[in-house]
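Take a look at the structure set out below.
Proteins get letters first, then strands, A, B, ... in listed order; numbering begins at 1 in each.
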Amino acid sequence: MGAWGFVFLAYGIVWGAILIYWATLKRRLRRAQTELAQLRASEESPRNVQT
Amino acid sequence: MGQTHVGVWWTWDARLTLTAILLLIFAGYLMLRSLTEDENRAASAAAVLGIIGFLDIPLIHMSVYWWRTLHQPPSILRPDKAPWDNVHPAMLTALAINFVGFVLLYFYLLSQRFRLGEIKEEIKARLLNRDN
(Lines give C-alpha, C1' and ligand atoms only; values in the text may rest on other atoms or scores of the structure.)
Protein backbone atom coordinates (compact mmCIF):
# COMPACT_ATOMS: atom_id res chain seq x y z
CA MET A 1 0.00 0.00 0.00
CA GLY A 2 1.37 3.44 -0.93
CA ALA A 3 1.52 6.54 1.25
CA TRP A 4 -1.89 7.80 0.04
CA GLY A 5 -3.40 4.42 0.82
CA PHE A 6 -2.30 4.74 4.44
CA VAL A 7 -3.61 8.31 4.58
CA PHE A 8 -7.04 7.25 3.29
CA LEU A 9 -7.06 4.21 5.59
CA ALA A 10 -6.25 6.35 8.65
CA TYR A 11 -8.86 8.99 7.77
CA GLY A 12 -11.38 6.27 6.93
CA ILE A 13 -10.97 4.57 10.31
CA VAL A 14 -11.31 7.86 12.23
CA TRP A 15 -14.28 9.14 10.22
CA GLY A 16 -15.92 5.71 10.33
CA ALA A 17 -15.65 5.68 14.13
CA ILE A 18 -17.06 9.23 14.36
CA LEU A 19 -19.96 8.43 12.01
CA ILE A 20 -20.81 5.21 13.88
CA TYR A 21 -20.73 7.10 17.19
CA TRP A 22 -22.92 9.89 15.75
CA ALA A 23 -25.47 7.40 14.35
CA THR A 24 -25.56 5.47 17.65
CA LEU A 25 -26.01 8.68 19.61
CA LYS A 26 -28.86 9.81 17.33
CA ARG A 27 -30.61 6.44 17.73
CA ARG A 28 -30.23 6.46 21.53
CA LEU A 29 -31.49 10.06 21.66
CA ARG A 30 -34.53 9.22 19.51
CA ARG A 31 -35.38 6.19 21.67
CA ALA A 32 -35.01 8.18 24.89
CA GLN A 33 -37.21 10.99 23.52
CA THR A 34 -39.89 8.45 22.54
CA GLU A 35 -39.71 6.81 25.99
CA LEU A 36 -40.01 10.18 27.71
CA ALA A 37 -42.95 11.21 25.53
CA GLN A 38 -44.75 7.93 26.35
CA LEU A 39 -44.05 8.42 30.05
CA ARG A 40 -45.40 11.96 29.95
CA ALA A 41 -48.50 10.82 28.07
CA SER A 42 -49.13 8.02 30.57
CA GLU A 43 -48.80 10.48 33.47
CA GLU A 44 -51.26 12.87 31.89
CA SER A 45 -53.82 10.11 31.38
CA PRO A 46 -53.20 7.55 34.16
CA ARG A 47 -56.12 5.40 33.06
CA ASN A 48 -54.27 4.57 29.85
CA VAL A 49 -51.18 3.27 31.60
CA GLN A 50 -50.14 -0.04 30.17
CA THR A 51 -48.41 -2.43 32.52
CA MET B 1 4.64 8.44 12.51
CA GLY B 2 4.62 4.93 11.26
CA GLN B 3 5.96 2.98 8.35
CA THR B 4 5.79 5.71 5.69
CA HIS B 5 7.20 8.44 7.93
CA VAL B 6 10.07 6.82 9.80
CA GLY B 7 10.31 3.38 8.21
CA VAL B 8 9.06 1.29 11.13
CA TRP B 9 5.55 0.37 12.28
CA TRP B 10 6.41 0.79 15.93
CA THR B 11 9.33 2.03 18.00
CA TRP B 12 9.67 2.79 21.71
CA ASP B 13 9.91 6.50 21.00
CA ALA B 14 9.04 8.60 24.07
CA ARG B 15 6.21 10.60 22.48
CA LEU B 16 4.78 7.58 20.68
CA THR B 17 4.85 5.45 23.83
CA LEU B 18 3.26 8.17 26.01
CA THR B 19 0.55 8.70 23.36
CA ALA B 20 -0.12 4.94 23.33
CA ILE B 21 -0.44 5.07 27.15
CA LEU B 22 -2.93 7.95 26.77
CA LEU B 23 -4.92 5.83 24.30
CA LEU B 24 -5.02 2.97 26.82
CA ILE B 25 -6.08 5.38 29.59
CA PHE B 26 -8.85 6.69 27.31
CA ALA B 27 -10.04 3.14 26.56
CA GLY B 28 -9.98 2.37 30.29
CA TYR B 29 -11.94 5.56 30.97
CA LEU B 30 -14.66 4.54 28.53
CA MET B 31 -14.81 1.02 30.03
CA LEU B 32 -15.02 2.37 33.59
CA ARG B 33 -17.63 4.96 32.62
CA SER B 34 -19.85 2.33 31.04
CA LEU B 35 -20.08 0.26 34.24
CA THR B 36 -23.74 0.31 35.15
CA GLU B 37 -23.81 -1.61 38.44
CA ASP B 38 -22.96 1.44 40.50
CA GLU B 39 -23.12 4.56 38.33
CA ASN B 40 -21.80 6.97 40.97
CA ARG B 41 -18.80 4.79 41.73
CA ALA B 42 -18.12 4.35 38.01
CA ALA B 43 -18.28 8.13 37.53
CA SER B 44 -15.83 8.75 40.42
CA ALA B 45 -13.38 6.12 39.25
CA ALA B 46 -13.57 7.41 35.67
CA ALA B 47 -12.99 10.98 36.89
CA VAL B 48 -9.82 9.92 38.75
CA LEU B 49 -8.58 8.11 35.65
CA GLY B 50 -9.45 11.18 33.57
CA ILE B 51 -7.23 13.35 35.80
CA ILE B 52 -4.39 10.84 35.49
CA GLY B 53 -4.90 10.85 31.72
CA PHE B 54 -4.76 14.63 31.64
CA LEU B 55 -1.40 14.58 33.48
CA ASP B 56 -0.06 12.57 30.55
CA ILE B 57 -0.69 15.46 28.10
CA PRO B 58 2.08 17.82 29.35
CA LEU B 59 4.34 14.77 29.52
CA ILE B 60 3.61 14.07 25.85
CA HIS B 61 4.39 17.68 24.95
CA MET B 62 7.63 17.81 26.93
CA SER B 63 8.77 14.29 25.99
CA VAL B 64 10.56 15.52 22.84
CA TYR B 65 12.63 17.90 24.97
CA TRP B 66 13.34 15.49 27.81
CA TRP B 67 14.16 12.38 25.79
CA ARG B 68 16.08 12.59 22.52
CA THR B 69 14.38 9.72 20.72
CA LEU B 70 12.96 9.46 17.21
CA HIS B 71 10.31 12.19 17.26
CA GLN B 72 11.27 15.69 16.13
CA PRO B 73 10.83 18.73 18.45
CA PRO B 74 7.46 20.54 18.40
CA SER B 75 6.56 22.43 15.22
CA ILE B 76 3.66 24.56 16.47
CA LEU B 77 4.00 25.10 20.22
CA ARG B 78 7.60 26.12 20.70
CA PRO B 79 8.73 29.23 22.55
CA ASP B 80 11.66 30.19 20.31
CA LYS B 81 9.91 30.17 16.91
CA ALA B 82 6.58 31.25 15.47
CA PRO B 83 4.50 28.42 13.93
CA TRP B 84 4.71 29.95 10.41
CA ASP B 85 8.53 29.83 10.63
CA ASN B 86 8.37 26.05 11.03
CA VAL B 87 5.33 24.97 9.06
CA HIS B 88 4.37 25.90 5.50
CA PRO B 89 1.51 28.46 5.55
CA ALA B 90 -0.71 26.16 3.43
CA MET B 91 -0.30 23.35 5.98
CA LEU B 92 -0.83 25.77 8.84
CA THR B 93 -4.08 27.03 7.26
CA ALA B 94 -5.31 23.47 6.74
CA LEU B 95 -4.41 22.62 10.33
CA ALA B 96 -6.24 25.69 11.67
CA ILE B 97 -9.38 24.93 9.61
CA ASN B 98 -9.33 21.31 10.78
CA PHE B 99 -8.81 22.37 14.38
CA VAL B 100 -11.82 24.70 14.30
CA GLY B 101 -13.88 22.06 12.49
CA PHE B 102 -13.11 19.35 15.01
CA VAL B 103 -13.73 21.66 17.96
CA LEU B 104 -17.17 22.48 16.50
CA LEU B 105 -17.86 18.78 15.87
CA TYR B 106 -16.81 18.00 19.45
CA PHE B 107 -19.19 20.60 20.91
CA TYR B 108 -22.03 19.36 18.68
CA LEU B 109 -21.52 15.73 19.81
CA LEU B 110 -21.11 16.88 23.42
CA SER B 111 -24.41 18.80 23.26
CA GLN B 112 -26.19 15.71 21.85
CA ARG B 113 -24.71 13.47 24.57
CA PHE B 114 -25.61 16.03 27.22
CA ARG B 115 -29.19 16.13 25.93
CA LEU B 116 -29.34 12.33 26.11
CA GLY B 117 -28.12 12.43 29.70
CA GLU B 118 -30.76 15.03 30.61
CA ILE B 119 -33.56 12.95 29.09
CA LYS B 120 -32.37 9.81 30.86
CA GLU B 121 -32.26 11.65 34.19
CA GLU B 122 -35.80 12.93 33.61
CA ILE B 123 -37.03 9.42 32.76
CA LYS B 124 -35.38 8.04 35.90
CA ALA B 125 -36.91 10.79 38.07
CA ARG B 126 -40.39 10.29 36.59
CA LEU B 127 -40.21 6.51 37.07
CA LEU B 128 -39.12 6.99 40.70
CA ASN B 129 -41.98 9.44 41.29
CA ARG B 130 -44.45 7.02 39.76
CA ASP B 131 -43.21 4.11 41.91
CA ASN B 132 -43.43 6.22 45.08
Distance-only donor-acceptor pairs under 3.5 Å for side chains of residues 25-34 of chain B, two or more places apart:
| residue | atom | partner | partner atom | Å |
| --- | --- | --- | --- | --- |
| Ser34(B) | OG | Leu30(B) | O | 3.2 |
| Ser34(B) | OG | Met31(B) | O | 2.9 |

In a table with atom names and distances, give each donor-acceptor pair under 3.5 Å that connects a side chain of residues 22-38 of chain A to protein atoms at least two apart or in another chain.
| residue | atom | partner | partner atom | Å |
| --- | --- | --- | --- | --- |
| Trp22(A) | NE1 | Tyr108(B) | OH | 3.2 |
| Thr24(A) | OG1 | Ile20(A) | O | 2.6 |
| Lys26(A) | NZ | Gln112(B) | OE1 | 3.2 |
| Thr34(A) | OG1 | Arg30(A) | O | 2.8 |

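Connection of Leu95(B) to Val7(A) is not established within any shared hydrophobic cluster, with ILVMFWY side chains joined at heavy-atom distances below 4.5 Å, either directly or through further cluster members.
Within the 4.5 Å cutoff, no side-chain heavy atoms of Thr17(B) are placed close to those of Thr69(B). Taking the side chain as every heavy atom from C-beta outward, Leu70(B) and Trp12(B) never approach each other to under 4.5 Å.
Under 4.0 Å is where a charged nitrogen must lie from a carboxylate oxygen, and between Arg78(B) and Asp80(B) at least one such pair does.
The most heavy-atom pairs under 4.5 Å with chain A, out of Leu127(B), Ile123(B), Ile119(B), come from Ile123(B).
With a 4.5 Å cut-off on non-hydrogen atoms, Tyr106(B) does not touch chain A at all.
Heavy-atom neighbours of chain B within the stretch residues 9-17 of chain A, taken at a separation under 4.5 angstrom, comprise Trp15(A).
By the salt bridge (Lys or Arg N to Asp or Glu O under 4.0 Å) test, Arg126(B) is found to be paired with Glu43(A), Glu122(B), residues two or more places apart in sequence or in another chain being considered.
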